[in-house]
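Chain naming here is simple, since letters A, B, ... match the order of the sequence lines and numbering starts at 1 in each.
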Amino acid sequence: VTVVAGDVIPPLSYPVTTTTVVLGAMASRDWRPMHHDRDFAVNRNGTKDIFLNTPNQAAWFERYVTDWTGPKGRLGRMTFRMHGSVFPGDTMVISGKVRATTVDDTGCTWVDLDLTLAVDDDVKTTCAARVAVPTETDDNPWARAGARWQP
Amino acid sequence: MTDVAALPDAVAKLIGVTQYAETAAFPAERGYGWTSCASVENGNPLYWDDSVAETLAGGPILPLTTLSIWMRPHYWSPGQEGEGLALQTHFDLKALLDLPEAVISDNTIVFHAPVRPGDVISYAQVVRSVSDVKETRLGVGRFWVIDVEYRNQDHELVGVESYTAFGYRRAA
């Protein structure tokens with residue numbers, strides 16, 4: 001399958017619950033109370049409820065990207081910007097589009113993606129991701145190391 | 001441009017200095033990897049099917065975005081006083097600048113060699129910058145950038161994270 005700039009990745013919709021937030025925080029060993037204690041989140045952070053933490057949002061984006069690439073897709077980098085919080089009761093929608101494809105000096109094919117995580121069309125997080133994909137069917141980005149891996 | 005002179009001495013002296021070089025309290029392990037996958041319903045066979053992991057990555061690896069969790073301290077451990085905090089420089093800046101609240105606004109992760117079960121990860125933190133005083137909808141405070149470099153037991157680079165945070169005091 002040829003990937004070109006402008007390609008759209010099918011969106012992922014997910015209903016966020018208190019369990020989603022707390023499980024994500026505990027899975028990422030984030031013990032800070034704004035991710036499990038509603039009173040703390042409301043009274044100390046001034047938010048309406050507990051909210052998804054950053055490492056768990058990274059995990060959501062990783063899942064979204066590799067759902068699309070398959071297991072040979074290897075993330076090189078991700079840059080997030082948080083514009084707002086995601087709370088229990090929200091239905092979050094992760095969307096993405098191919099910004100560019102390039103081949104580096106080592107022959108590695110990179111796909112640059114612009115991703116968003118939105119609730120009711122309000123973008124809460126943006127993520128620029130760079131993922132290596134196979135150049136040929138027998139290519140394997142995971143086999144790259146040292147100077148041949150330039151994320 | 002940051003007016004470093006306006007910063008407290010104790011903060012200005014931290015910029016560019018490697019701090020908190022530490023080794024993880026426990027080896028990276030698959031249980032947390034699977035829990036991370038479960039938390040986002042990530043069915044990538046690379047993390048669940050050992051034959052796929054062997055073919056593609058030469059054996060099991062851990063989800064890339066678990067990078068930071070291998071250095072996160074236990075919430076409690078024997079002899080530990082107070083809550084264990086990851087990214088200690090972040091909390092140091094909050095205290096030194098007397099800014100009781102903080103949020104992470106930006107986060108860049110660069111993935112190098114994958115972390116494998118049994119790896120013992122080490123890291124070090126560097127404060128890259130601290131901004132002038134800013135006012136946002138959250139309150140009045142400062143932005144700061146902290147880089148974290150992660151290496152395995154063979155000193156192989158496994159990842160670099162860069163955090164931009166806003167420490168603030170809520171409007172009265």
> Taking atom CG of B/N44 and atom CG of A/D67, what is their separation to the nearest 0.5 Å?
8.0 Å
> For the residue pair A/N56 and B/S39, what are the closest heavy atoms and their distance?
ND2-OG, 3.1 Å
> Got A/L23 and B/T35 here, is their nearest side-chain heavy-atom distance under 4.5 Å?
yes
> Evaluate whether atom CZ of A/R99 has more than 12 neighbouring non-hydrogen atoms of other residues, nucleotides or ligands under 6.0 angstrom away.
yes
> Among A/P141, A/G24, A/A59, which residue forms the greatest number of heavy-atom pairs with chain B at distances under 4.5 Å?
A/A59
> Can any side-chain N or O of A/E62 pair as donor or acceptor with the backbone N or O of B/P63 at less than 3.5 Å?
no
> Are B/V133 and B/L96 connected in the hydrophobic side-chain network, where two residues link if heavy atoms are under 4.5 Å apart?
no
> Please look at A/W149 and chain B and tell me whether the side chain, the backbone, both or neither of the residue comes under 4.5 angstrom of a heavy atom of that chain.
side chain
> Just by modelled atom types, is the B/P73 backbone N or O under 3.5 Å from a matching donor or acceptor in the A/W31 side chain?
yes
> Within this structure, what is the CZ-CG distance for the pair A/R77 and B/L64, rounded to the nearest 0.5 Å?
14.0 Å
> For chain A, which of B/S105, B/A57, B/P100 has the most heavy-atom pairs under 4.5 Å?
B/S105
> Identify the two heavy atoms, one from B/Y168 and one from A/N45, that lie closest to each other, and give their separation to 0.1 Å.
OH-O, 3.8 Å
> Determine whether A/M78 and B/F111 make a side-chain contact, defined as any pair of heavy atoms from C-beta on separated by less than 4.5 Å.
yes
> Flag yes if A/L75 and B/V148 sit in one hydrophobic cluster, no otherwise; membership is Ile, Leu, Val, Met, Phe, Trp, Tyr, and two members link when side-chain heavy atoms are under 4.5 Å apart.
yes
> Using a cut-off of 6.0 Å, state whether more than 12 heavy atoms not belonging to A/D105 lie near its atom CG.
no
> Taking every non-hydrogen pair under 4.5 Å, which of B/I109, B/I104, B/V160 racks up the most with chain A?
B/I109
> Do A/L115 and A/V98 land in one hydrophobic cluster if side-chain heavy atoms of ILVMFWY residues count as linked below 4.5 Å?
yes
> At a heavy-atom separation under 4.5 Å, does B/E156 approach chain A through its side chain, its backbone, both, or neither?
neither
> Return the option, out of A/R44, A/K72, A/M26, with the maximum number of heavy-atom pairs under 4.5 Å with chain B.
A/R44
> For chain B, which candidate among A/S85, A/G76, A/A145 shows the most heavy-atom pairs at distances under 4.5 Å?
A/G76
> How long is the straight-line distance from CG of B/D106 back to OG1 of A/T54, given to the nearest 0.5 Å?
10.0 Å
> Is it true that B/Y32 and B/Y75 fall in one hydrophobic cluster, defined by side-chain heavy atoms closer than 4.5 Å?
yes
> Side-chain heavy atoms nearer than 4.5 Å, only ILVMFWY residues, links allowed to pass through others: does that put B/V126 and B/L157 together?
no
> Quick check on B/Y163 against chain A: is it the side chain, the backbone, both or neither that has a heavy atom closer than 4.5 Å?
neither
> Can you tell me which portion of A/D30 sits under 4.5 Å from chain B's heavy atoms? Options are side chain, backbone, both or neither.
both
> Checking heavy atoms, do the side chain of A/Y14, its backbone, both or neither come under 4.5 Å from chain B?
side chain
> Give the minimum heavy-atom separation between A/R74 and B/H112, together with the two atoms involved.
NH2-O, 3.0 Å
> If you look at every heavy atom in B/R170 and A/N43, which pair is closest and at what distance?
NH1-O, 2.9 Å
> Count the heavy-atom pairs under 4.5 Å between each of B/D49, B/I61, B/V110, B/L67 and chain A, then report the option with the highest count.
B/V110
> Let me know if B/T55 has heavy atoms under 4.5 Å from chain A in its side chain, its backbone, both or neither.
backbone
> Between the main-chain N or O of A/F80 and the side-chain N or O of B/N107, is there a donor-acceptor pair closer than 3.5 Å?
no
> On a heavy-atom basis, which atom in A/R63 and which in B/V40 lie closest, and how many Å separate them?
NH1-O, 2.9 Å
> Tell me if the CG atom of A/D121 is crowded by more than 12 foreign heavy atoms within 6.0 Å.
no
> Are B/V103 and A/M82 side-chain neighbours, meaning at least one heavy-atom pair lies under 4.5 Å?
no
